[in-house]
Each structure stands twice: as structure tokens, then as C-alpha cells.
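Down below is the structure, laid out as C-alpha cells.
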There are 2 protein chains.
Amino acid sequence: MKLSEGVEWGLHCVAILAMLPPGATLPTKALAEYHDLSETYLAKHLQALTNARIIESLPGPKGGYRLQRAPEDITMLEVVEAIDGREPSFRCTEIRQRGPLALEPAAYGVPCPIHIAMARADKAWHEALRAQTIADLLSQSQPHAGAQQLRKSEQWIAGRMRRT
Amino acid sequence: MKLSEGVEWGLHCVAILAMLPPGATLPTKALAEYHDLSETYLAKHLQALTNARIIESLPGPKGGYRLQRAPEDITMLEVVEAIDGREPSFRCTEIRQRGPLALEPAAYGVPCPIHIAMARADKAWHEALRAQTIADLLSQSQPHAGAQQLRKSEQWIAGRMRRT
DNA sequence: GGATGAATACTCGGATATTTATTGTCCGAGTCATCCTGG
DNA sequence: CCAGGATGACTCGGACAATAAATATCCGAGTATTCATCC
């Protein structure tokens, strides 16, 4: 059970976009350069985030991406699901209904205990990510990176962002 | 993030083996027939469960598999990890240390907030599965399947198991 | 000099190859039971 | 009739293909800017 590599990229990029002034945008090229990522592959993931209504794109020169909502209103779960998909990790294929001892389907009204337990674990995972917003990430990263590093990042971003 | 199909197979098979009398074994062929699974592919997963010290194998005619511990001492997490692997779902590749704004590695003593949050979600998922044992699964499936169905299963198994 | 028009450069969006992991299969090593032979 | 040995059949174990998914890339559609031209 491994998560797509793009999830890490997406989370970091959304965090960067959250640092922009309201309305300003940043193109794919800048986002890719910031962390030295493949520009074309990152574009694919940004597209997924756009479809999920997390970020929005402005075409043309001076175009780029920006958040569609406030960082406080975007959960990590949304970003993860936008890129990795919304399917549960465990898909019960009901193998108990197969084989020589199978009953008629009506006899299996309740999901099997294995399915229930796996769904409970999945729910715990989802809740943990739903409880964490992008704004939380920013407030937590601030103490880690020094104030000078933060200034440096903001300057770098300011040199490439486009104001409305 | 999807879980291997074999996880479902493994959990069901371990549950079946837990129904056997102490010491008795059941060969791969019977386990595969019970749920109409690919015998050869199931063998691969049973092998993984053997390496994880969850089940043990007896070779030769009258051989087969049996649990290596009591059902109360086998957690769902163990079975899942034996088949799907023990790697965490999210692998932080530290992309924050890449790109034009990267600092010297010593400056990144603390994991990034994204890594922390994902690890916390992973932990919640693991704990949920660690709290559920194979014995719990059996006690929960009993009320679902009727008593007659249970008897039917036990008879089917009794006809194919090997006593020591 | 100002306004209008076309050309241009840059953006995102979806369709297309390549690599990796998962799924699925096969054959060989080892072991116990059975059968045959000899006493 | 009993004991011993060789044979045979069945088991698991690891190495080997086929398929699906994730990874990575390319080219086309659209838009705001820019420049040249005309009024």
C-alpha cells in the first residue's frame, strides 16, 4: 500500500501557493523549479488539483495557479484524494460469496467482519488527514525554517508571481 | 493508495485456519477451493505468511498449513503487513531540501510538517488494525452466518484437513 | 499621438510512450505414505 | 505373517512471464500581451 509520489509534490505546492498574497498566481514552471521537480509531470498533478476545485488556473501570459479557497478551508485529505484518488485502500471483493459453500446473495446482508475492520482503519486514516488543514501546515513550518529562510523564500516567490 | 488483493485472501485464509482443531492442517488446494481462488497465486501469499511466522507449513502428503500461534495472538495488522509489506504508505523524499532555496542538510533536523501529519495518519491506521485479532473476527462472523452454515463449513473443512 | 488590428509568446489541458509494481504461473526440492519383496 | 527398503505421489518453496498501474513526456487549444500600422 504505497501512496503516489505526486501526493508529496501536491501538498508542498499547495503549501507554497498558500504563501502567495490574495489573488496572485504562480505558474507551473516556478512551482517545479522551487523543489527541482519535473515540470511536465507536476503539471499533471496540478491539473488534478484543479479538477478537485482546490486550486484554479488562469491561462495566458501572466497566468498561473492560485488557491481557490482559504488555506484554513483546505484539508490535507482533500489534496491527497485529489491526486491519489478517492477509492478506499481495501476493496472487499466478497470472496466469501464464492466457492462451494456460497449461499444465495440475500444471505449476506451484513458486510463481513474483515471488511468492517478494514473500513474502520481507513476511516481513522481519513479523519487524521481531515483534521489537518494547509493553514496548520504553514503555522507548523514557520518555527522550523528560520525567519531568514522564510524571507528568502518569499523573495524568490515574489520574483516569479503574477499579481492580478 | 490501494492494498494488494492478496490481503483479502490472506485474512480469510487465516480465519479459516483458525477454525481448525489444534494441530490439524489444511493444504493450499483446500484453502483455494474454499473461496474459489487461484491455487498457485494463493500459494505465493501463504508463503509470505509463513515467512512472517503467522502460519507454518508441513511438507509431504498429509501436510499443509496451520496457525503458528493462537488466534488471539494474531492481529490483522500482522497479516496485512506480511502480505502487503511493512513500508509506510507515505515516503517523504525531502523535496524541501532540493531546489534553489535548499539549505545545508544540517538545517533540516526536524521532519517537515507534511511528513509528520502523514505519519500520524499512518499510525492511526496501524493502531486500528493492531487492535483487531483473528479471534475477534471469528467471534464477529459467528452471528452473521447461521449455525447451519457454520456446521456446513466445518464439515467441508473436516473432510479435507489432516490431523497430526 | 492615439487607437486598432494582427502577430506572438506564454499559459494550461488532455492524449500519448515508458518504466515499475502487481498479478499470475510454472517447475524443482523435499517428505511422508504406500507397496513390494524377502526373511 | 512381519520387517525392511525402494518407489511413488503429494506437499511446499522459490524462480520465471503477463498484465495493470504509475510515471514521465509531448503536442495542441486558448489567452493576454506586444508591436506595428493606420487614422
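Only heavy atoms go into these numbers, but all of them, side chains included; no hydrogens, no water, no symmetry mates. In what follows, every chain begins at residue 1, and chains take the letters A, B, ... in the order their sequences are listed.
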- Query: Given atom CD1 of B:Ile55 and atom P of D:dT11, what is their separation to the nearest angstrom?
  - Reply: 15 Å
- Message: Side-chain N or O of B:Gln47 versus OP1/OP2 of D:dG14: is the shortest distance under 4.0 Å?
- Response: yes
- Nucleotide nearest A:Tyr65 (side chain, heavy atoms from C-beta), chosen from D:dT33, C:dG14, C:dC12: C:dC12
- Does B:Ser57 have a side-chain nitrogen or oxygen under 4.0 Å from the phosphate oxygens OP1 or OP2 of D:dT11? no
Taking only distance into account, with no hydrogens and no angle test, what donor-acceptor pairs under 3.5 Å do side-chain atoms of residues 38-47 of chain A form with protein atoms, sequence neighbours excluded?
unit_1  : atom_1 : unit_2  : atom_2 : d
A:Ser38 : OG     : A:Thr40 : OG1    : 3.4
A:Ser38 : OG     : A:Tyr41 : N      : 3.3

- Task: Mind running a 4.0 Å heavy-atom check of residues 29-43 of chain B against DNA chain C and sending the residues that fall below it, in number order?
- Result: B:Ser38, B:Thr40, B:Tyr41
- Query: Within this structure, what is the CD-to-P distance between B:Glu56 and D:dG13, rounded to whole angstrom?
  - Reply: 11 Å
- Message: Checking the side chain of B:Glu78 only, and the main-chain atoms of B:Thr75 only, is there a donor and an acceptor separated by less than 3.5 Å?
- Response: yes
- Would you kindly give the NZ-to-C1' distance between A:Lys2 and D:dT23, to the nearest whole Å? 10 Å
- How close or far is atom P of D:dT33 from atom CG of A:Leu58, stated in whole angstroms? 11 Å
- Item | For atom NE2 of B:His45 and atom C1' of D:dG14, their distance in whole Å | 15 Å
- Task: Look at the side chain of A:Pro27 and decide which nucleotide, out of C:dC12, D:dC12, D:dC16, has an atom nearest to it.
- Result: C:dC12
- Query: Hey, is CD on B:Glu104 packed in by over 12 heavy atoms from elsewhere, all under 6.0 Å?
  - Reply: yes
Show me, pair by pair, the donor-acceptor contacts under 3.5 angstrom made by side chains of residues 108-120 of chain A, not counting sequence neighbours?
unit_1   : atom_1 : unit_2   : atom_2 : d
A:Tyr108 : OH     : A:Arg96  : O      : 3.4
A:Tyr108 : OH     : A:Leu103 : N      : 3.1

- Item | ring pair (Phe, Tyr, Trp, His ring centres under 6.0 Å) contacts in which one or both residues fall within residues 53-100 of chain A, not counting sequence neighbours | none
- Backbone N or O of A:Ile95 within a donor-acceptor pair of the B:His35 side chain at under 3.5 Å? yes
- Message: Please give me every residue in residues 8-20 of chain A whose heavy atoms get under 4.0 Å of an atom in DNA chain D, ordered by residue number.
- Response: none
- Ranking D:dT23, C:dG13, C:dC32 by distance to the side chain of A:Glu5, first place goes to D:dT23
- With B:Glu81, which residues qualify under salt bridge (charged side-chain N to carboxylate O under 4.0 Å, His left out), at least two apart? none
- Classify the nucleic acid contact of B:Gly6 as base, sugar-phosphate or nothing, counting any heavy atom under 4.0 Å across all strands shown. nothing
- Query: Which pairs pass salt bridge (Lys or Arg N to Asp or Glu O under 4.0 Å) with one or both residues in residues 48-60 of chain B, sequence neighbours excluded?
  - Reply: B:Glu56-B:Arg66
- From D:dG13, C:dG14, D:dC10, nucleotide with atom closest to B:Arg162 side chain: D:dC10
- Query: Rounded to whole angstroms, how far apart are CG on B:Asn51 and P on D:dC12?
  - Reply: 14 Å
- Item | Partners passing salt bridge (charged side-chain N to carboxylate O under 4.0 Å, His left out) against B:Arg151 (at least two apart in sequence or in another chain) | none
- Interatomic distance, A:Ile95 CD1 vs C:dT23 C1' [rounded to whole Å]: 16 Å
- According to the salt bridge (Lys or Arg N to Asp or Glu O under 4.0 Å) rule, which pairs have a member within residues 124-142 of chain A, sequence neighbours left out? A:Glu127-A:Arg130
- Message: Please report the distance, rounded to the nearest Å, between CD in B:Glu87 and C1' in C:dT22.
- Response: 14 Å
- Message: Looking only at the side chain of A:Ser4 (C-beta and beyond, no hydrogens), which of the listed nucleotides D:dT23, C:dG13, D:dT31 gets closest?
- Response: D:dT23
- Query: Between C:dT23, D:dA24, D:dC12, which nucleotide has the shortest distance from any of its atoms to the side chain of B:Lys44?
  - Reply: C:dT23
